[in-house]
Amino acid sequence: MNKYIETAEASLLHTYNRYQIVLEKGDGVYLYDTEGKKYLDFAAGIAVCSLGYAHPKYTAALKEQIDSLTHTSNLFYSRAVAEAAEALRRATRMDRVFFTNSGTEAIEGALKAARKYAYTSQSGRYEFIAMEHSFHGRSMGAVSVTGNAHYRTPFEPLIGGVKFAEFNNLDSVKELVTDKTCAILLEPVQGEGGIYPAEPEFLFGLRKLCDENGILLIFDEIQCGMGRCGAMFAWQDYGVKPDIMAMAKAIGNGVPVGAFAMTEEVAEKSLAPGDHGTTYGGNPLVCTAVKTVLDIFEEEQILSHVQEVSAYLEKKLDVLVENSPLIKERRGKGLMQGLVLTNPVGEVIQKAMEKGLIVISAGGNVLRLVPPLVITKAHVDEFLEKLEDVLAEFRTE
């Protein structure tokens with residue numbers, strides 16, 4: 001056994017079944033382990049490293065900030081937090097931003113904001129409607145609104161007042177709405193649940209339902225946002241704006257940062273001084289990362305690049321599905337794709353790694369493809385060649 005794996009297994013709490021690989025460095029869209037083996041990365045740290053690895057401008061900006069200032073607490077302003085907040089406000093098309101340390105914390109903040117909005121409005125509302133097969137995080141609040149009993153049951157009782165509707169079924173949501181419903185929460189594209197994009201009429205229906213009943217609409221864009229689906233955030237492609245939005249992962253390209261944003265109306269009636277806080281959230285280092293990532297997105301026209309490459313990827317994947325008896329279907333949006341397999345997905349992932357390809361799974365038997373957004377068509381071709389080699393081995397077994 002590798003000495004680093006042995007040391008980690010002896011020291012870490014066993015909450016992950018890690019692959020037996022010790023990654024050491026990254027370059028572009030490739031990762032390298034301690035043995036020098038090269039991997040084409042189609043996981044991006046679970047949709048985090050949107051710019052790949054060792055992007056020169058990103059790396060230089062973080063190094064410069066480390067030499068200057070990494071932490072101040074939120075008792076003070078910093079140049080970095082001001083610039084990052086303004087840039088993220090423009091990118092999200094929301095009005096107010098709160099920086100967190102993770103996506104889970106962004107969800108926690110969104111839930112608190114919705115409850116406080118209802119409290120301030122004296123509406124008597126407190127219930128949430130979330131979606132079945134959703135995933136929103138591991139903390140007590142986030143797991144309470146996660147639509148999978150496997151994640152919830154060991155930690156019950158959780159926070160109360162949560163109901164679960166069927167994703168893409170507007171009638172199932174309407175059946176759960178009462179005068180106590182304060183917010184409806186969902187991912188525009190479900191990630192962990194199996195890569196399910198929302199149908200446009202479903203999102204439009206939810207927006208209308210919320211407007212008619214005084215309910216807030218919360219989108220979880222932690223995985224599907226930040227260019228992953230072709231727009232800066234997925235809702236912008238659909239044209240359905242939420243009242244509150246949670247984000248994380250790719251906004252920092254690898255540093256631990258998340259955020260939730262809201263409209264001015266919600267901000268005025270929700271979280272006030274003393275209601276919410278964080279020691280590390282929005283420190284100069286992570287905010288430099290956020291601002292730099294947004295600058296690079298604009299300078300390198302990442303969104304138009306994603307639209308072009310994802311169209312190529314989808315076309316190639318559809319041909320693969322048509323010709324492979326081991327793949328039932330493709331579903332997804334942009335560079336967030338899922339292949340439903342007939343063979344156990346874990347075995348496919350393991351064989352792919354042996355061939356120098358990193359892919360991961362999503363709910364059920366889905367091979368999840370969430371590569372760095374900077375992949376090229378040549379990388380798509382390389383990915384397909386490796387995956388086809390893997391699938392060929394299963395056909396001959």
I need the single residue from Asn101, Thr100, Asn283 that forms a side-chain hydrogen bond (donor to acceptor under 3.5 Å, both in side chains) with Thr278. Which is it?
Asn101
Thr288 (side chain) donor-acceptor with Ala80 (main chain) under 3.5 angstrom
no
With sequence neighbours excluded, what pairs up with Tyr30 under the ring-ring contact (aromatic ring centres under 6.0 Å, His included) test?
His379
Please name the pair of heavy atoms, one in Tyr58 and one in Gly254, separated by the smallest distance, quoted to 0.1 Å.
OH-N, 4.1 Å
Residue set satisfying ring-ring contact (aromatic ring centres under 6.0 Å, His included) with Phe260, at least two apart, ordered chain then number -> Phe98, His276
Flag, side chain of Glu382 to backbone of Lys386, donor-acceptor distance under 3.5 Å
no
Lys351 NZ/CZ over Phe394 ring centroid, <6.0 Å and within 45° of normal:
yes
Value rounded to 0.5 Å, distance of CG in Leu206 from CG in Asp211:
10.5 Å
Output yes when a side-chain donor or acceptor of Gln307 lies under 3.5 Å from a complementary backbone atom of Gly230, and no otherwise.
yes
Test ring pair (Phe, Tyr, Trp, His ring centres under 6.0 Å) applied to Phe383 and Tyr39, Phe42, Tyr312, the passing residue
Phe42
Any donor-acceptor pair under 3.5 Å from Thr153 side chain to His150 backbone
no
Is there a donor-acceptor contact under 3.5 Å from the side chain of Gln236 to the main chain of Ala91?
yes
Quick check on the 6.0 Å ring-centre criterion: do Tyr280 and His71 meet it?
yes
When Ile, Leu, Val, Met, Phe, Trp and Tyr are grouped by side-chain heavy atoms lying under 4.5 Å apart, directly or through other members, which residues fall in the same group as Met140?
Phe135, Val143, Tyr151, Phe155, Leu158
Between Arg18 and Glu9, does any side-chain N to carboxylate O distance fall below 4.0 Å?
no
May I ask you to decide if Leu186's main-chain N or O and Asp220's side chain share a donor-acceptor pair within less than 3.5 Å?
no
Decide, yes or no, whether a salt bridge links Glu86 with Lys291 under the criterion of side-chain N to carboxylate O below 4.0 Å.
no
Using only atom types and a distance under 3.5 Å, with no angle test, would you say the side chain of Arg330 pairs donor to acceptor with the backbone of Val321?
no
According to ring-ring contact (aromatic ring centres under 6.0 Å, His included), who are the partners of Phe167, at least two apart in sequence or on a separate chain?
Phe202
Between Ser68 (side chain only) and Glu64 (backbone N and O only), is there a donor and an acceptor less than 3.5 Å apart?
no
Modelled atom types, side-chain donor and acceptor of Gln223 and Glu187, under 3.5 Å:
no
Can you establish whether the number of heavy atoms outside Glu298 located under 6.0 Å from its atom CD is more than 12?
no
If you link I, L, V, M, F, W and Y whenever their side-chain heavy atoms are under 4.5 Å apart, who else ends up in the same group as Val319?
none
Quick test of your reading of the model: are Asp275 and Lys112 salt-bridged, counting only N-O distances below 4.0 Å?
no
Mind checking the CG-CG spacing from Leu216 to Leu111? Nearest 0.5 Å is all I need.
11.5 Å
Can you check whether Val293 reaches Ile251 side chain to side chain, under 4.5 Å on heavy atoms?
no
Will you find, in the side chains of Ser139 and Glu108, an N or O donor that is under 3.5 Å from an N or O acceptor?
yes
Ion pair check, Asp243 and Arg207, cut-off under 4.0 Å
yes
Quick check for you: to the nearest 0.5 Å, what is the distance between Arg368 atom CZ and Ile46 atom CD1?
6.0 Å
For Val370 against Ala44, the heavy-atom pair lying closest together
O-CB, 3.2 Å
For the pair Glu393 and Lys355, find out whether any cationic side-chain nitrogen is under 4.0 Å from an anionic carboxylate oxygen.
yes
I'd like to know whether Arg331 forms a salt bridge (charged side-chain N to carboxylate O under 4.0 Å, His left out) with Glu329, so could you lay out the CA-CA distance, the side-chain angles of the two residues, the decisive distance to 0.1 Å, and finally the verdict.
CA-CA 7 Å; Arg331 54 179 180 248; Glu329 65 171 308; 3.1 Å; yes
Between the side chain of Thr7 and the main-chain N/O of Lys3, is any donor-acceptor distance below 3.5 Å?
yes
If you count heavy atoms of other groups shown closer than 6.0 angstrom to NZ of Lys57, is the number above 12?
yes
Kindly say whether Glu264 contributes a backbone atom to a donor-acceptor pair with the side chain of Asp95 at under 3.5 angstrom?
yes
Non-neighbouring partners of Glu265 that pass side-chain hydrogen bond (donor to acceptor under 3.5 Å, both in side chains), sequence neighbours left out:
Tyr117
